[in-house]
Amino acid sequence: MGEFKVHRVRFFNYVPSGIRCVAYNNQSNRLAVSRTDGTVEVYNLSANYFQEKFFPGHESRATEALCWAEGQRLFSAGLNGEIMEYDLQALNIKYAVDVFGGPIWSMAVSPSGSQLLVSKQLLVGCEDGSVKLFQITPDKIQFERNFDRQKSRILSLSWHPSGTHIAAGSIDYISVFDVKSGSAIHKMIVDRQHMGVSKRKCIVWGVAFLSDGTVISVDSAGKVQFWDSATGTLVKSHLIANADVQSIAVAEQEDSFVVGTAEGTVFHFQLVPVTSNSSEKQWVRTKPFQHHTHDVRTVAHSPTALISGGTDTHLVIRPLMEKVEVKNYDAALRKITFPHRRLISCSKKRQLLLFQFAHHLELWRLGSTVATGKNGDTLPLSKNADHLLHLKTKGPENIICSCISPCGSWIAYSTVSRFFLYRLNYEHDNISLKRVSKMPPFLRCALQILFSEDSTKLFVASNQGALHIVQLSGGSFKHLHAFQPQSGTVEAMCLLAVSSDGNWLAASGTSAGVHVYNVKQLKVFEYSIPDKQYTDWSRTVQKQGFHHLWLQRDTPITHISFHPKRPMHILLHDAYMFCIIDKSLPLPNDKTLLYNPFPPTNESDVVRRRTAHAFKISKIYKPLLFMDLLDERTLVAVERPLDDIIAQLPPPIKKKKFGT
Amino acid sequence: MAALEEEFTLSSVVLSAGPEGLLGVEQSDKTDQFLVTDSGRTVILYKVSDQKPLGSWSVKQGQIITCPAVCNFQTREYIVVHDNKVLRIWNNEDVNLDKVFKATLSAEVYRILSVQGTEPLVLFKEGAVRGLEALLADPQQKIETVISDEEVIKWTKFFIVFRHPVLIFITEKHGNYFAYVQMFNSRILTKYTLLLGQDENSVIESFTASVDRKFISLMSLSSDGCIYETLIPIRPTDPEKNQTLVRSLLLKAVVSGNTRNGVALTALDQDHIAVLGSPQAASKECLSVWNIKFQTLQTSKELPQGTSGQLWYYGENLFMLHGKSLTVIPYKCEVSSLAGALGKLKHGQDPGTHVMPRFVNWETPQGCGLGFQNSEQSRRILRRRKIEVSLQPEVPPSKQLLSTIMEDSEKHIEVEVRKFLALKQTPDFHTVIGDTVTGLLERCKAEPSFYPRNCLVQLIQTHVLSYSLCPDLMEIALIKKDVQLLQLCLQQFPDIPESVTCACLKIFLSIGDDSLQETDVSMESVFDYSNSVHDEKMEEQTEILQNGFSPEEDKCSNCDQELNKKPQDETKESTSCPVVPKRAALLNAILHSAYSETFLLPHLKDIPAQHITLFLKYLYFLYLKCSENATMTLPGINPPTLNQIMDWICLLLDANFTVVVMMPEAKRLLINLYKLVKSQISVYSELNKIEVSFRELQKLNQEKNNRGLYSIEVLELF
């Protein structure tokens, strides 16, 4: 396969923001995750936990609650006092409704099992102590009424599965409301005592209402408490942490629940019989999991797994072994830290890297070396990497996507409301930046930006499903064409790829169909994946099947590129490895070694040739965010070590390692 | 409840079914393969689960099959008769029916009958019956005439009753029906006249029969649409006399009386029958399942394309000709009961109906263990199983073993058990071992002198027993004070309750040294402690006791002084093992056993104080041994771990502290333990102090690996 010079880049100072809420959708097996910067991501748990949708964040929006309603509708509420609904087709925010109750701390959708309610209802708990009920109409939400105003903010809400009552956690007490009358029927005072010391306040971070009338609360004193909602009395109390217990999620069958603490521990509680074959059951704390270093702000309970997320930015999916039937990689613990979308683009000609952050872009020039070496050597640098540019956005909106042209003279990026195009001029070591003004009105929001290989065309996928082609020449641009989406669909295009001669453009939408456009003749050819003509090679792959270890990989491939000079080579990578597939070599069978990190030294050429197979894998660089070929013999790899991220997070709660 | 499942069509080709429909559908030697004979020239072998034909055979043009093909289950060959007299026998490999074995008989064949477990029978149109083997020996032999002139065979069926083949056939002559029952082995032929009762003019359309212990229950569907039942005794009271049988009405107006098409019925099990026909004169044809016990319609299915009025039932499939194609409807039926109808499962079974095996064999869940327990199980399956069982003539070795246990001497049992264990492990190995142990223990209880120790040891060593399987085993061993067996149980059983563990502990502590000498206890877990050099111990020990803790800080200095005054040899005592090695081995077995604190503590309180002190001394000794080496483990194979030792020390002290603290001889021990805990605490506090330094070291280590923010490296891919 040969030698590569690898630019190993670790100066991409990217810190994902902490996870605030997760919401699991049982119907579609999808998981919505909101982060502290307001970003909302949707993961498809069936498709190898791929992050398939993404809504950019906003400085003023801090999401405090996230929930699914009516199967496919996603709502969020936050400290700006608004409820928002997301359009999962067009990938934008459908609308935002101010609830006029100050910051919203909690939200809950009426349970699906309730027969009493004609349509779905949405409850929000506000800063001013009000609980507001909204009716979910097919295209919007409508305010219905207020419940009895409480003294302090409502931090948590939970519906009784029958939809007749709700429990609301506040500061120092839990209220139980009757939904019909809207009045509080019980007020359950939470003990402030913590380890014998009276703390100032006890915040009820989470409540869960079970169908037998039990209310489970978790609070800042480290307690998990069981209340009888009929009498308003405390039934049982578990002290599980020295710090706050911040989140709770109950399984649909109500036989197990999960809580997350500020110490980074997740505890699993299960309803188990008191003695074997007795019908009397009690809640028992069964399993602690320590997968987080920081606060576990949110948890979810899917039928087969515990999902948790928090300040340390990891999304952890811990399958419950007793619920997993087959022992395969689905039963393995998943830790998702990095976004699956592209944050880095690269100009091959000028050896530039463009890094995308939430509110700024950074442009770096790679260094160079004249030395050569053998495998594993670190070469002395004749020129170090330079930070050329720091481009800050205006306004509170996060950057959705960015791209640098292959020639290095254009930078484009987009936020939700504006599209920016810059022209770069290089004069020796000086760079000048000029914004291309007067963008046409249709270029307002882009979900994906791409330049053609010769940098003369710019392709923009807008969130209305249209694809725009813009001709770039000199310092100006000209709108060439717009491919309109098929009538009736508003499906957003989230992936773009262009052929190297610039004639063909491929786009993929949220429903996994691939559209191929001919740019020259401005015709649309559409193929959906099942009807597409596969190449001979992929037919062989289909026939022979992949190596079993390859199929067992559990991280989605995040980037694919082709060798410019050698059409037989495909480069692809995920967060833990990269791989070059040489289509001319035979496919590996299950007996051959898939990953061979060491050079075959003592084997003859014949053996070497016989054992050579198409998959060339390297696991040296991880976690790998980006990898591409700069030229025939040069690769660039962008790593982001987890330790560097942890170093930038606030310190975790200190725990004693030894003794008591 | 009975239920008809989704139907499916078998034939991909249209069968050349005449107006009379098919000639027959018969079972083959494989469970879901069936032989279908059409009324023309073809026999097709179908695999029902695959819904496809496996083979097809035809006779020559001009010949016609007159009797449906059957399978000879003993030779796995197929037999068919064409042109009334020509018998053909072939197997799966044969392609052409013309080239296969052929025998021309001297009389016309009505039907060949074949069931599992016996040779096929040939029923001639004149009513004579021959076994196939006897017939093939001399095909041209003379066939006698049994039935009178103008008497025509209408229907026949072949049963196995108590391992004896029984053939029944019905004949008709001028509207009168006769039933012939032939006991094949005794060659007794009994003729009965069927009296039709009040409705003399009706014509019987279809017959079916099921067999009970004493009676063949013959059900007939008459042209008036009612089903009648006739009970025919299997063993005739007087075979010579012509007897009459009365039929009784079973179900009224099941099908419409005057149907154009044929009707058919077949018995599904003792309580259910399937009836094919139109329920009302004008309506479409239906397949309905009736419960004859409660006379209720269970389920029905409309067959709009019409049928040939033929119905076969094998295994769990109903076969019929629907329209032009052969249709299969899978049928499931559980025993219906009132409790079941009310939505409650039947709990338990009537005692004495059948013996329920004590041990469930989980490896073969479809086997007898679960099958009998499941009250929902279809009785039909049970019946089939009964037949299968009755077909196995020899007694399995496990049965022999069980009978040996009940009667024979200890020596003999031992030999038998060894023999059985030497056999290959059968699927029901667990069950048999469990039954054997239970049998042995029952006998132990009955005869106090009987104690087959070696047998029990062997059985325990099979690794398949557990406490819950045979709780009596340890109980008896405790009574007999058989420490060797107890040790084995402790090592092998995963589920010993804490009370029993504690009872074992009591015996291990109280049994005399001399009686221990005689026993043959496994010494695996005990290291020969006496070998280690005692002289160096003293210094080492003090060092370990300090554990980084300076003696000046010791608040218990007066205790120390007191200790120092004690003669040297007493101190030495704590460093030599306080118990004999055999007792140590037994106690180690206790230490290894699993327990739950809450359940163990109350039982520990019952142990006498001096035994507690002895055990504590031993545990303390083990702890000292542990701390002698850096890994904090004991030498030897499978020794107790430090955690086990510490947990047991805590448990014993928790349970008996008030008693132990009052005992003067335990004082020294308690002081030692106190010092030990104290030193532990100080070690941990020291560790806490240097935790920060550790972290810094770790950080330094990380920095060494960190290669900076940017580098260019060379990578070669292979």
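In this text the structure is predicted, and so the values were computed from the model without any measurement. Order of the sequence lines fixes the chain letters, A, B, ..., with proteins taken first and strands second; residue numbering starts at 1 for each chain.
- Between chain B and the residues A/Val636, A/Leu635, A/Leu366, the most heavy-atom pairs under 4.5 angstrom are made by A/Leu366.
- Counting non-hydrogen atoms of neighbouring residues, nucleotides and ligands closer than 6.0 angstrom, the CD atom of A/Gln648 exceeds 12 such neighbours.
- No part of A/Thr634 comes within reach of chain B, as not one of its non-hydrogen atoms sits under 4.5 angstrom from that chain.
- Taking every heavy atom of both residues into account, B/Val714 and A/Lys374 meet most closely at CB-O, 3.4 Å.
- With a threshold of 4.5 angstrom between heavy atoms, A/Leu381 approaches chain B through side-chain atoms but not through N, CA, C or O.
- Nearest approach of B/Ser711 to A/Thr378, heavy atoms of both residues: CB-CG2, 3.9 Å.
- Once rounded to the nearest 0.5 Å, the distance linking CG of B/Leu715 with CZ of A/Phe578 reads 5.0 Å.
- Contact detail for B/Tyr710 and A/Gly367: the closest heavy-atom pair is OH-N, 2.9 Å.
- Here B/Ile712 contributes atom CD1 and A/Phe4 contributes atom CZ; the two are 15.5 Å apart, rounded to the nearest 0.5 Å.
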